[in-house]
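Some notes on the structure that comes next.
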Amino acid sequence: KLADIGVTGLAVMGSNLARNFASKGFVTAVHNRTSAKTRALIEQHGGDGEFIASETTADFVASLAVPRKIIIMVKAGAPTDAVIDELSALLEPGDILVDGGNSQFLDTRRREETAREKGIHFVGSGISGGEEGALLGPSIMPGGSAQAYESLGPILEKISAHVDGVPCCTHVGTDGAGHFVKMIHNGIEYADMQLIAEAYQLLRTAAGLTPVEIADVFAEWNTGELESFLVEITAQVLRQVDAETGSPLVDVILDAAGQKGTGTWTVQTALNLGVPVSGIAEAVFARGLSSAAHQRAGAQKIGLPGPSSPWVVEDKDAFIEQVRLALYASKLVAYAQGFDVIAAGAKEYGWDIDNGAMARIWRGGCIIRAVFLNRITEAFDEDASLLSLLFAPYFTEVMTRAQDAWRAVVAGSALSGIATPGFSSSLAYYDGLRAERLPASVIQGQRDFFGAHTYKRVDKEGTFHTLWSGDKSEVEAS
Ligand code: NBP
């Protein structure tokens with residue numbers, strides 16, 4: 001008997017994914033560089049389904065039915081290249097090689113091109129949901145050729161998360177499109193987490209709520225339009241008491257946020273594409289600031305001045321509602337910006353990405369799963385060429401309803417010295433987007449002054465330059 005699918009790389013993600021395949025009835029070939037891990041998987045979980053374990057790469061390849069379908073789940077970067085090289089030498093035209101790791105989409109484009117020259121279908125696939133998702137149903141974002149998806153897709157759809165019976169997996173687009181969309185997903189995740197953390201900070205500092213009280217607030221929010229995995233788990237984190245000290249765990253955890261780099265990739269990519277992603281960028285920068293231990297200690301030491309009076313919230317219930325609305329509005333901005341990068345990436349790299357379908361496959365399995373993704377899908381289904389998510393009537397209504405609260409929260413945090421980079425920058429983006437006139441005309445004037453960079457006029461066609469160091473008359477630039 002030959003295997004339907006193979007997984008190489010059996011650390012937490014790979015072994016859970018292999019168990020997921022096997023438990024869904026697929027004969028699953030498994031392999032790992034260090035074969036002790038392969039043996040451990042079979043010993044501990046061999047009963048999950050039908051596995052074919054191999055110690056060598058050659059045996060692993062030989063154990064698969066043709067066309068072979070292999071998922072690589074090893075560390076992104078050089079290890080992934082090494083595994084691709086080793087496997088490619090053993091594969092035949094028509095075989096499908098999937099990279100399920102967190103690879104940079106430009107690496108995926110390069111690898112796909114090389115594989116294509118050998119007739120091998122290379123599929124860079126985003127997989128989200130961490131170890132639990134891999135085992136029970138992740139959100140899967142496969143790129144690569146449509147032809148590869150025809151035979152690979154049904155297998156991936158079967159092991160993916162399902163919401164309302166719909167799989168959280170769809171063909172995203174060619175070559176690196178899957179890893180691109182996974183990267184944006186992670187960027188949005190950064191923003192979402194930062195915004196929830198800012199909401200916590202406001203409730204704690206301005207309203208004086210305890211972590212457990214804030215957990216109750218989040219649990220309540222999780223029954224409404226903010227219902228999402230991240231809000232739900234934040235409530236659980238806030239409820240946790242440290243066994244050693246008896247303090248809320250959140251007070252014992254060092255306030256220095258780590259990162260693995262996918263948020264940075266999103267921002268770098270957006271910068272390259274010229275798309276503002278302030279919400280995501282601020283989230284990445286906020287993690288950076290949190291980890292700048294020496295500078296933060298230095299600021300404490302010299303006592304950098306803050307405002308003289310703290311924020312005294314009178315009506316706590318009203319304030320909680322304001323923070324909820326500020327969170328919702330800021331979150332929408334982060335998603336709108338994320339989808340803007342997807343649109344710009346699709347244009348730049350020639351992908352045909354269905355934004356509504358992306359929101360649909362993020363509804364389950366992944367970290368940013370949330371009820372309001374349904375509304376995003378509906379918005380793009382209604383108008384696939386939506387210029388901004390914020391222009392969809394449903395979301396415009398949210399902004400109408402939320403903006404006063406959002407402004408009050410941002411103003412209050414500025415006056416009382418509570419850092420809310422996510423809330424504040426999202427509001428600034430929103431007001432910039434709305435503005436009929438922006439001070440960019442001043443910038444164009446400055447650029448023309450010092451660099452003769454020219455400008456366009458509102459009242460006629462053409463490109464112009466003012467002779468700033470001459471008689472200050474305007475000339476038409478060629
Ligand atoms: P790791 O990222 O920790 O990678 C460990 C695996 O890579 C082991 O199987 C190891 O084999 C293998 N490996 C390495 Br390292 N170098 C190798 C080489 N030169 N040749 C062959 N194999 C090599 O595992 P993970 O945390 O399970 O993640 C796997 C992938 O999934 C990564 O790309 C990760 O970014 C991505 N991902 C992870 C999560 C998550 O929540 N952890 C979520 C989504 C995506 P060995 O056993 O012989 O050392």
Side-chain angles (χ1 to χ4, degrees), residues 6-21 28-45 53-61 70-90 97-108 111 122-143 156 159-161 168-169 176 178-190 193 229-230 233 258-266 361-362 364-369:
V7 179
T8 183
L10 301 175
V12 299
M13 288 297 286
S15 50
N16 279 0
L17 213 54
R19 292 175 60 196
N20 190 349
F21 281 120
T28 307
V30 287
H31 169 263
N32 190 66
R33 177 179 63 176
T34 311
S35 39
K37 265 190 202 146
T38 316
R39 285 194 292 272
L41 170 67
I42 300 302
E43 271 165 31
Q44 290 160 26
H45 305 289
S54 296
E55 302 225 338
T56 69
T57 308
D59 286 350
F60 172 63
V61 169
I70 296 176
I71 303 194
I72 302 170
M73 288 306 291
V74 305
K75 219 179 238 334
T80 301
D81 275 314
V83 173
I84 291 170
D85 288 347
E86 200 185 346
L87 284 168
S88 296
L90 299 165
L97 197 50
V98 184
D99 170 18
N102 265 337
S103 293
Q104 219 281 0
F105 76 97
L106 293 173
D107 285 338
T108 304
R111 290 164 182 158
F122 186 78
V123 174
S125 179
I127 300 182
S128 175
E131 25 180 322
E132 192 186 292
L135 182 62
L136 303 174
S139 170
I140 311 181
M141 295 151 252
L156 295 183
I159 65 138
S160 75
C168 295
C169 172
H179 276 139
F180 187 93
V181 163
K182 169 64 169 32
M183 174 185 75
I184 303 302
H185 162 285
N186 284 30
I188 292 174
E189 175 185 314
Y190 271 62
M193 292 168 72
F229 172 70
L230 282 170
I233 64 161
Q259 48 187 321
K260 283 191 177 167
T262 45
T264 303
W265 286 353
T266 307
I361 64 172
W362 290 344
C366 66
I367 306 300
I368 63 171
R369 59 185 185 259

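Ligands are counted one by one from 1 in listed order, and the atoms in each one are counted from 1 as well.
- Put simply, the side chain of L87 reaches to within 4.5 Å of the side chain of F60, judged on heavy atoms.
- In this structure, the separation between CD1 on I72 and CZ on F122 is 6.0 Å, given to the nearest 0.5 Å.
- Near ligand 1, residues G9, L10, A11, V12, M13, N32, R33, T34, K37, M73, V74, K75, A76, P79, V83, G101, N102, I127, G130 each place a heavy atom inside the 4.0 Å sphere around the ligand atoms.
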Would you mind writing out the side-chain donor-acceptor pairs for residues 123-130 within the sub-3.5 Å range, not counting sequence neighbours?
residue: S128; atom: OG; partner: H185; partner atom: NE2; Å: 3.3

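- Closest approach of I140 to S160, counting heavy atoms only: CD1-CB, 3.9 Å.
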**OP:** Report the C-alpha separation of R111 and T80 in whole Å, then their side-chain angles, then the decisive distance to 0.1 Å, and conclude whether the side-chain hydrogen bond (donor to acceptor under 3.5 Å, both in side chains) test is met.
**Re:** CA-CA 10 Å; R111 290 164 182 158; T80 301; 4.9 Å; no
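- Nearest heavy atoms, S88 versus L97: OG-CD2, 4.0 Å.
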